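Okay, structure first, notes after.
Numbering starts at 1 and runs along the sequence shown. Everything numeric in this text was worked out from a predicted model, so none of it was measured.
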Amino acid sequence: MRVLKEDIQSIKGIGPKKAASFAKLGIRTIGDALSYYPREYEIQAVPIDISSIQEGLVALCIKWDGSPRVSWIRKGFSTTRIKAKDQTGVVDCIWYNQPYRANQFQSGKKYYVTAKAVKKSSGYQIQNPSVEEYNPDIHGKPQILPVYPLTRGINQRSLRSLIEEALKKLLSYSGNNNIENNNKVSNKDSKNYYKTTYVNNIDKFIASRYGLINKHEAWIKIHKPESKEDLKQAQRRLAFEEFLQLQVTIQYMRNNVQGKKSGMLITDYHNNLKDFLSRLAFKLTSAQEKVLNEVLLDMSNGKVMSRLVQGDVGSGKTVIAAAASFCAAKAGFQAAMMAPTEILARQHYESFKKIFYKQASSENSIKIGLLTGGMKVSEKEELKEELRNGNIQVVIGTHALIQDDVVFNKLGLVITDEQHRFGVRQRALLQDKGELDLPHMMVMSATPIPRTLAHILHGDLDLSTIDSMPPGRIPIKTYHVGSAYRERIYRFVNKHALVGNQTYIVCPLVEESEVMELRSAEEVYQDLSKGVLKDISMGLLHGRQKPTEKEEVVEAFAKGELQVLVSTTVIEVGINVPNAVIMIIENAERFGLSQLHQLRGRVGRGDKPSFCILVSDGRDEKTKQRMKVLVESNDGFEIAEKDLELRGPGELFGLRQHGMPVFQIANPMRDYDLYELAKEAAIEIINDPNKEQLYHLFLEKALETWIDVS
Ligand code: ADP
Ligand code: MG
């Protein structure tokens with residue numbers, strides 16, 4: 001539809017300057033404006049009589065009585081007063097520091113006024129009212145008003161009026177062009193209507209079949225709902241489209257991956273698994289056994305595995321990855337595991353080596369390699385050569401693994417760890433390294449999410465969940481304290497250091513532009529190492545250090561040479577030091593609940609009692625509530641659900657930053673029924689040759705939206 005592509009400057013009153021501010025919100029065209037949805041709604045009150053004013057918020061329909069009086073109390077401080085009247089009485093109005101108001105009053109005209117009424121000895125006073133010319137069509141009945149997210153330089157009123165104008169354009173356009181509201185799809189005219197637009201096509205496909213309103217109506221009702229029912233209808237229509245888009249993408253990827261035959265049969269895994277298990281110092285939990293079984297079955301049945309293994313922090317995912325790599329290597333393939341940080345890659349490398357090299361007689365040993373960006377060029381070159389000629393069977397690395405010049409000999413299995421750090425695209429890049437057939441893919445995630453949400457976020461993957469913990473874990477004791485407790489906390493750290501226990505202190509990343517009430521890792525380190533903890537050996541770890549520097553610090557901490565590690569969230573993923581028993585998190589309110597749970601998971605990994613201390617002075621109810629969730633629960637799934645409740649799904653786990661699909665309207669929990677329908681619809685679209693055009697329209701749009709993230 002041409003109108004959707006029209007520049008917003010075609011609206012009267014919007015010139016280049018205003019357009020530039022709207023562009024900051026991503027609004028450039030009429031279509032953008034229509035797709036800029038309200039954050040929430042407010043109810044506009046119906047005016048009452050002056051004689052029935054009570055204290056609190058009021059709406060009035062008045063005329064001005066007399067002219068305004070501005071008094072300057074002192075420089076920069078003024079009051080502007082005027083009386084307002086209706087047929088039932090008169091009331092005083094006052095504005096503080098808004099002398100320009102004095103030019104806004106025309107006598108004789110009716111105004112709609114909303115404000116707080118405050119009782120004074122002389123009667124009620126209306127304070128700082130907002131004023132609009134009275135329009136009986138708008139103000140005469142209660143209205144649901146959209147409230148849009150704003151940015152600097154744009155106020156609510158200008159957004160409302162922009163979108164109002166965009167809606168008018170939409171309406172006049174559909175009026176003139178007679179857009180069909182008949183949503184039945186008939187095969188006869190299918191060729192023609194595919195030539196029209198994205199919006200129309202989707203409408204035709206879904207509206208009548210799923211009992212949803214069409215997009216035009218949805219746009220009108222999401223911006224100007226006349227009732228709750230309107231709003232619900234609009235939300236459902238728009239949510240459905242979002243789900244459908246995601247699902248078409250997912251199904252597309254599934255087809256592409258699973259349509260190709262693997263041929264990479266990881267055979268004879270029973271014996272190799274036995275061999276592997278005999279090398280472990282512990283017995284797998286039954287949850288681990290179940291998941292490993294699912295993985296090995298996938299890899300031996302001729303199809304390409306695409307599996308997400310999720311498990312709470314500490315549930316023992318690494319060993320699953322090691323077992324799968326071991327079996328792949330024994331079956332004659334290479335395995336590659338990609339970790340989000342150097343530290344983690346190195347650590348996995350070490351723990352794989354421990355298992356793999358345990359009983360290696362030289363003729364049947366598996367060779368493991370490490371590839372990270374921080375390594376010397378010559379080391380990297382050597383390693384790449386060994387990957388190319390197949391000398392190394394299992395490689396662990398960072399993003400360095402997906403560089404073009406990394407070539408495998410016979411890649412059979414790809415594992416990505418802590419998946420939320422990688423975009424879908426990066427995963428695909430690594431999988432692409434398999435020359436002829438696609439290697440199996442396993443994704444590990446420690447961000448436990450409710451099953452419904454998992455389907456939506458990782459719909460292209462089968463799901464395995466490690467749902468119980470290795471035995472003997474002692475629950476981590478968690479406390480929420482204010483900064484006044486710091487001294488006591490450090491005494492606690494000191495005491496533990498004396499008996500050889502270690503502590504993490506985590507600080508949020510501080511941007512230079514931020515007001516410095518936050519303590520950066522550097523500062524905390526300086527303060528403590530010169531102050532209360534001066535007798536303890538401490539280390540500092542942050543993202544800006546050189547890889548070798550980081551490595552040294554982590555290694556020293558792991559070996560117990562450092563008692564305290566002050567760090568940014570770089571330690572969030574994976575790091576495993578069983579002797580660390582205290583986790584202190586500064587400005588804990590700055591983190592998401594699931595992130596805090598991840599961080600906390602760095603302790604409690606051994607057999608000693610451990611502690612997590614959340615330091616936060618945040619006094620608002622929400623912060624207290626959020627901290628309480630962590631204090632009361634050690635269960636990642638439960639925490640994730642609470643997080644979802646408290647923050648809403650859009651914010652969930654900082655998905656936006658991590659390049660996960662997020663929805664503008666759809667709420668995976670609320671709209672789950674729609675999600676299921678959208679999935680059905682997507683499968684139909686993909687498999688029906690008549691719907692090819694629709695499918696391509698979707699993909700085009702979806703590829704922009706979902707895939708090219710990261
Ligand atoms: P995560 O799932 O957070 O990646 P890890 O794989 O790092 O967890 O495992 C956490 C710790 O638990 C490691 O020290 C690991 O050796 C140990 N572990 C894993 N599985 C078991 C088990 N079945 N029994 C005892 N300890 C285990
Ligand atoms: Mg891990």
Side-chain angles (χ1 to χ4, degrees), residues 149 313 340-341 343 418 420-421 446-449 476 478-486 489-490 493 503-528 540-545 564-575 580 582-603 611-634 636 639-660 662:
V313 47
T341 64
I343 298 172
E418 310 298 346
H420 59 293
R421 295 290 160 120
T447 308
I449 44 181
I476 303 160
T478 301
Y479 305 91
H480 170 205
V481 301
S483 54
Y485 276 74
R486 279 218 182 89
I489 297 171
Y490 297 137
V493 171
T503 299
Y504 294 99
I505 302 178
V506 176
C507 308
L509 266 188
V510 182
E511 312 249 329
E512 277 178 32
S513 59
E514 273 181 302
V515 202
M516 284 303 183
E517 31 187 272
L518 295 175
R519 309 215 304 157
S520 72
E522 280 99 327
E523 270 177 277
V524 169
Y525 174 79
Q526 293 300 342
D527 278 5
L528 295 179
L540 171 66
L541 187 67
H542 57 73
R544 273 169 289 125
Q545 285 164 328
V564 174
L565 182 61
V566 181
S567 164
T568 55
T569 51
V570 289
I571 61 150
E572 174 188 351
V573 281
I575 204 170
I582 305 173
M583 165 63 63
I584 298 169
I585 303 174
E586 294 280 349
N587 293 102
E589 76 283 353
R590 306 267 299 191
F591 299 95
L593 291 190
S594 288
Q595 197 183 9
L596 287 171
H597 179 64
Q598 282 300 311
L599 284 166
R600 175 170 65 179
R602 297 306 116 220
V603 298
F611 310 89
C612 172
I613 303 169
L614 306 168
V615 185
S616 168
D617 289 329
R619 260 178 270 279
D620 60 301
E621 240 352 90
K622 197 126 187 197
T623 302
K624 283 191 203 151
Q625 253 181 323
R626 294 176 66 231
M627 296 302 125
K628 193 158 159 252
V629 171
L630 277 151
V631 170
E632 288 177 354
S633 176
N634 256 310
I639 290 167
E641 286 201 31
K642 290 268 167 60
D643 206 9
L644 187 72
E645 267 170 45
L646 290 171
R647 298 213 286 175
E651 283 287 320
L652 190 68
F653 318 129
L655 291 179
R656 247 172 249 279
Q657 287 116 283
H658 293 139
M660 279 289 169
V662 281

Q) Is there a side chain to side chain contact (heavy atoms under 4.5 Å, CB included) between M627 and T478 once you walk through the steps? A) CA-CA 9 Å; M627 296 302 125; T478 301; over 6 Å; no
Q: Identify the two heavy atoms, one from D617 and one from S483, that lie closest to each other, and give their separation to 0.1 Å.
A: OD2-OG, 2.5 Å
Q) Could you give the distance from OH (Y504) to CD1 (I613), rounded to the nearest 0.5 Å? A) 15.0 Å
Q: Please identify each residue that fulfils salt bridge (charged side-chain N to carboxylate O under 4.0 Å, His left out) with D527, with sequence neighbours left out.
A: R519
(Q) Test your reading of the model: is there a side-chain donor-acceptor pair from R600 to the backbone of L630, 3.5 Å cut-off? (A) yes
**Q.** Approximate separation, where rounding is to 0.5 Å, of R626 CZ and L596 CG
**A.** 7.0 Å
**Q.** Residues K642, E632: salt bridge by 4.0 Å N-O rule
**A.** no
(Q) Rounded to the nearest 0.5 Å, what separates atom CD1 in I584 from atom CD1 in I489? (A) 5.5 Å
Q. Closest approach of S616 and T623, non-hydrogen atoms and distance?
A. OG-CG2, 3.8 Å
Q | Nearest atoms (heavy-atom pairs only) where F611 meets V603 | A | O-CG2, 3.9 Å
(Q) According to side chain to side chain donor-acceptor pair (under 3.5 Å), who are the partners of T503, at least two apart in sequence or on a separate chain? (A) none
(Q) Under the criterion side chain to side chain contact (heavy atoms under 4.5 Å, CB included), I'd like the reasoning laid out for V564 against L528: C-alpha separation, chi angles, the key distance, then a yes or no. (A) CA-CA 10 Å; V564 174; L528 295 179; 5.7 Å; no
Q | Closest non-hydrogen atom pair, F591 against C507 | A | CZ-C, 4.2 Å
Q | Donor-acceptor pair, side chain of Q545 and main chain of L540, under 3.5 angstrom | A | yes
Q: Output, in order, the C-alpha distance, side-chain angles, deciding distance and verdict of side chain to side chain contact (heavy atoms under 4.5 Å, CB included) for I505 and V493.
A: CA-CA 10 Å; I505 302 178; V493 171; 5.6 Å; no
Q | Heavy-atom pair with the smallest gap, counting every atom of L614 and C612 | A | CD2-SG, 3.8 Å
Q. What distance separates T568 OG1 from E522 CD, expressed to the nearest 0.5 Å?
A. 8.5 Å
Q) At what distance, to the nearest 0.5 angstrom, does NZ of K628 lie from CG of L593? A) 13.0 Å
Q: For residues P508 and N587, report the shortest heavy-atom separation together with the two atoms involved.
A: CG-CB, 3.7 Å
